[in-house]
Amino acid sequence: MAKKMLPAAANELLSALLHTGTTAPGRPPRAARSSPSVVHRCAPPAARLAGAGTTLVVDVDGALLLSRRSLFFAYFMLVALEAGSFLRGLALLLLYPAIALLGAFCGLRVGTFRAGRAVLPRWLLEDVAAEALEAARRAGDPARVVWASAMPRVMVEPFLREYLQVPAAAAVAAREMKTVWGFYTGLMDYCAATSSVLTKNAAAGGGVDDVVGFSAGGSMAEFLRSPLASICKELYVASPEEQSKWRRLPRRDYPNPLVFHDGRLAFLPTPLGAVVMFMWLPLGAVLSVARLAVAMALPYRYATALLAATGKSWRLRGALPLDSCGASGQLYACNHRTLIDPVYVSIALDRQVRAVSYSLSRVSDMLSPIGRTVHLARDRARDGAAMARLLGRGDSVVVCPEGTTCREPYLLRFSPLFAELGGERGVVPVALAVENSMFYGTTASGWKGVDPFYYLSNPRMCYTVEFLGRVDTATVGEGKAASTDVANRVQRLIAAALGYECTMLTRKDRYLMLVGNDGAVAAPPPRRQVR
């Protein structure tokens, strides 16, 4: 159906424009180039690539990616939406492919553009053909593999370097975006891929005869229009029959695991998907406000039933923990998926809880249906005292020891502070899983004040809450166990319940990867003291 809305000819036209180096109206056509003298209808065998002087040119768009350029629109739409705005995305949808580059890039600031590193790799990794990647790895020298793409360098190179572990010595043949005063113009400079490959090949003692191309049957015509095709003596083209047996690269086989990614969209914006999203936006905005009003105005038991009818549901897996009693409250430690994790713990328990957080926007704090959040200051003594006061007066406290959200099936390192505060009651681990259909309710680079509205505007979403067995923390106070050991144990219990993998990555690692800073926030004002 998507093909009906955006014919294949549109993607072919864009591919032709990118490959032939057309960067602006009126540019004269390039001279015809020679084609490879030998074309093999198969993937390159290991014996052919084992030579020390052989250079392999991999057609990233046609061979490495299973979509074979059919998702060009989706990748440019991601740039337009995540690095730009909904208005930019709408213009791209209406005028594609005529303004694919202008619509996606024109006016974006070079210094803050991080979609190529923080957003696109997630979707590109899901499109990698395991067999094509294995064929490229057969090259005797990884530094003599040239990765050729019709997409701009800022879109494809971070994915190749960081997640497919393409070495720095290997060439990435992609076009450069023109810039003016620190902004992208939407036009591309001609990338002298041919001369760079010849220079690289000659420096290694090889010649033009040593260059071998690797593409796919449905994309051979586009690859032959690229500058690099003229220096390939041989071209290996995977047949449609061979490609039909290729499979997507499993997550466990990613050369570098994808732990962090950013962006608001929880789906790949194909033409049909983008149309549906823009049609849903007005209704989603109204629905988010209505859902929020219901959650804040009605008791849990009535609000959850009414919200479930609108597509906002939750489910409890397993049994509830025993109620806390006495002077000491109960501490719950959960993994962090969105900013409303404590809300669903409170709903599952059917009673109010107090949430503690290192950073939360004032908008999200005011809209919280479980009351004001206690802000921590990243001062161990001060934060520990604040949480101890809450527990001492009998409040149930929910803490997310990861310190930041993670969307993928991984758990970040758990801060051990909570393990020192459980006392005789211990700590109850809570495993949380969330399903989003259209938007993510978290972001590292966007405005956090609209996070709850993005989450509540999803057509459908579901939280899964599972309370695990209570973990004894009294041994920490007695000096018989280290708080880090208890924290690691809680992390492993939650990971096992969810089928996730434990890591030692931290909040700082996430922000350095996605935003380029350590994610530090200013300390909260004194008015947030706990009595």
**Student:** To the closest 0.5 Å, what do you measure between CE (M77) and CG (L92)?
**Tutor:** 4.5 Å
**Student:** Using the ring centroid of each side chain, check whether Y344 and Y463 are separated by less than 6.0 Å.
**Tutor:** yes
**Student:** V154 and V110: side-chain contact (heavy atoms from CB on, under 4.5 Å), yes or no, with the steps?
**Tutor:** CA-CA 10 Å; V154 292; V110 176; over 6 Å; no
**Student:** Just so I know, are the side chains of R301 and D350 near enough to count as touching, which here means a heavy-atom distance under 4.5 Å?
**Tutor:** yes
**Student:** Is a side-chain donor-acceptor pair under 3.5 Å present for S437 with R460?
**Tutor:** no
**Student:** Look at the side chain of E82 and the backbone N and O of G263, then say whether any donor-acceptor pair between them is shorter than 3.5 Å.
**Tutor:** no
**Student:** Can you find a heavy atom in the side chain of M461 that is under 4.5 Å from one in the side chain of M438?
**Tutor:** no
**Student:** Using a 4.5 Å cut-off on heavy atoms from C-beta on, say whether the side chain of F159 contacts that of M151.
**Tutor:** no
**Student:** Assess, by modelled atom type and distance only, whether the side chains of R291 and T310 contain a donor and an acceptor separated by less than 3.5 Å.
**Tutor:** yes
**Student:** Is the backbone of A444 close enough, under 3.5 Å, to the side chain of D262 for a donor and an acceptor to pair up by distance?
**Tutor:** yes
**Student:** Hey, are R251 and E408 close enough for a salt bridge, meaning a charged N less than 4.0 Å from a carboxylate O?
**Tutor:** yes
**Student:** Identify whether NZ of Lys or CZ of Arg in R264 sits under 6.0 Å from the centre of the six-membered ring of Y454 and within 45° of that ring's axis.
**Tutor:** yes
**Student:** Does the side chain of Y511 come within less than 4.5 Å of T404's, by heavy atoms?
**Tutor:** yes
**Student:** Looking only at the side chains, is there a donor atom on one of Q330 and S396 sitting less than 3.5 Å from an acceptor on the other?
**Tutor:** no
**Student:** Determine the minimum heavy-atom distance between E402 and L412, stating which atoms define it.
**Tutor:** OE2-N, 2.7 Å
**Student:** D127 side chain to L124 main-chain N or O, any donor-acceptor pair under 3.5 Å?
**Tutor:** no
**Student:** What's the separation between atom CG in L468 and atom CZ in R317, rounded to the nearest 0.5 Å?
**Tutor:** 10.0 Å
**Student:** Between G284 and S457, what is the shortest heavy-atom contact and its length?
**Tutor:** O-CB, 3.4 Å
**Student:** Any luck finding a side-chain donor-acceptor pair between T442 and D451 under 3.5 Å?
**Tutor:** no
**Student:** With heavy-atom distances below 4.5 Å as the criterion, would you say the side chains of V79 and L120 are in contact?
**Tutor:** yes
**Student:** Just verifying a value: how many Å separate I347 CD1 and L316 CG, rounded to the nearest 0.5 Å?
**Tutor:** 12.0 Å
**Student:** Drop me the distance from F260's CZ to M513's CE, to the nearest 0.5 angstrom.
**Tutor:** 8.5 Å
**Student:** Tell me the closest heavy-atom pair linking N335 and D341, and the distance in Å.
**Tutor:** O-OD2, 3.5 Å
**Student:** Closer than 3.5 angstrom, by distance alone: can the side chain of S346 be matched with the main-chain N or O of R351 as a donor-acceptor pair?
**Tutor:** yes
**Student:** Donor-acceptor pair, D509 side chain versus T506 backbone, under 3.5 Å?
**Tutor:** yes
**Student:** Can you confirm if the NZ or CZ of R407 lies within 45° of the ring axis of Y440 and under 6.0 Å from the centre of its six-membered ring?
**Tutor:** yes
**Student:** Salt bridge or not for E131 and R247, using N-O below 4.0 Å?
**Tutor:** yes
**Student:** What residue among L349, L320, V430 forms side chain to side chain contact (heavy atoms under 4.5 Å, CB included) with V465?
**Tutor:** V430
**Student:** Can you tell me if OH on Y302 sees more than 12 non-hydrogen neighbours from other groups inside 6.0 Å?
**Tutor:** no
**Student:** Is a side-chain donor or acceptor of R109 paired with a backbone partner of Y184 at a separation under 3.5 angstrom?
**Tutor:** no
**Student:** Of the non-hydrogen atoms in G107 and F183, which two are nearest, and what is the gap between them?
**Tutor:** O-CD2, 3.3 Å
**Student:** Walk me through whether V259 and C406 qualify under side-chain contact (heavy atoms from CB on, under 4.5 Å).
**Tutor:** CA-CA 8 Å; V259 180; C406 182; 4.2 Å; yes
**Student:** Rounded to the nearest 0.5 Å, what separates atom OG1 in T338 from atom NE2 in H336?
**Tutor:** 7.5 Å
**Student:** Under a 3.5 Å distance rule, please check whether E466 uses its side chain to pair with a backbone N or O of A319 as donor and acceptor.
**Tutor:** no
**Student:** Before accepting this row, confirm whether a basic side-chain N of the pair D253/R248 lies closer than 4.0 Å to the acidic partner's carboxylate O.
**Tutor:** no
**Student:** Given L125 and L164, is the side-chain contact (heavy atoms from CB on, under 4.5 Å) satisfied, shown in steps?
**Tutor:** CA-CA 9 Å; L125 276 171; L164 295 191; 4.1 Å; yes
**Student:** side-chain contact (heavy atoms from CB on, under 4.5 Å) between R389 and R393: does it pass, once the steps are laid out?
**Tutor:** CA-CA 6 Å; R389 283 194 295 270; R393 68 188 191 190; over 6 Å; no
**Student:** Hey, is the main chain of F439 close enough, under 3.5 Å, to the side chain of N458 for a donor-acceptor pair?
**Tutor:** yes
**Student:** Are side-chain heavy atoms of L331 and L391 found at a separation under 4.5 Å?
**Tutor:** yes
**Student:** For a 4.5 angstrom cut-off between non-hydrogen side-chain atoms, does L258 reach R122?
**Tutor:** yes
**Student:** With a 4.0 Å cut-off, would you call R117 and E162 a salt bridge?
**Tutor:** yes
**Student:** Could you report the tightest heavy-atom contact between V398 and C334, atom names first, then the distance?
**Tutor:** CG1-SG, 3.9 Å
**Student:** How close do A333 and V490 get, heavy atom to heavy atom, and via which atoms?
**Tutor:** CB-CG1, 4.4 Å
**Student:** Can you find a pair of side-chain heavy atoms, one from F86 and one from L81, that are under 4.5 Å apart?
**Tutor:** yes
**Student:** Does D485 use its side chain to pair, donor to acceptor, with the backbone of A481 at less than 3.5 Å?
**Tutor:** no
**Student:** Would a distance-only check, ignoring hydrogens and angles, find a side-chain to backbone donor-acceptor pair under 3.5 Å from R88 to C106?
**Tutor:** yes
**Student:** Distance from L133 atom CG to L65 atom CG, nearest 0.5 Å?
**Tutor:** 10.5 Å
**Student:** Answer yes if the ring centres of F113 and F105 are under 6.0 angstrom apart, and no otherwise.
**Tutor:** yes
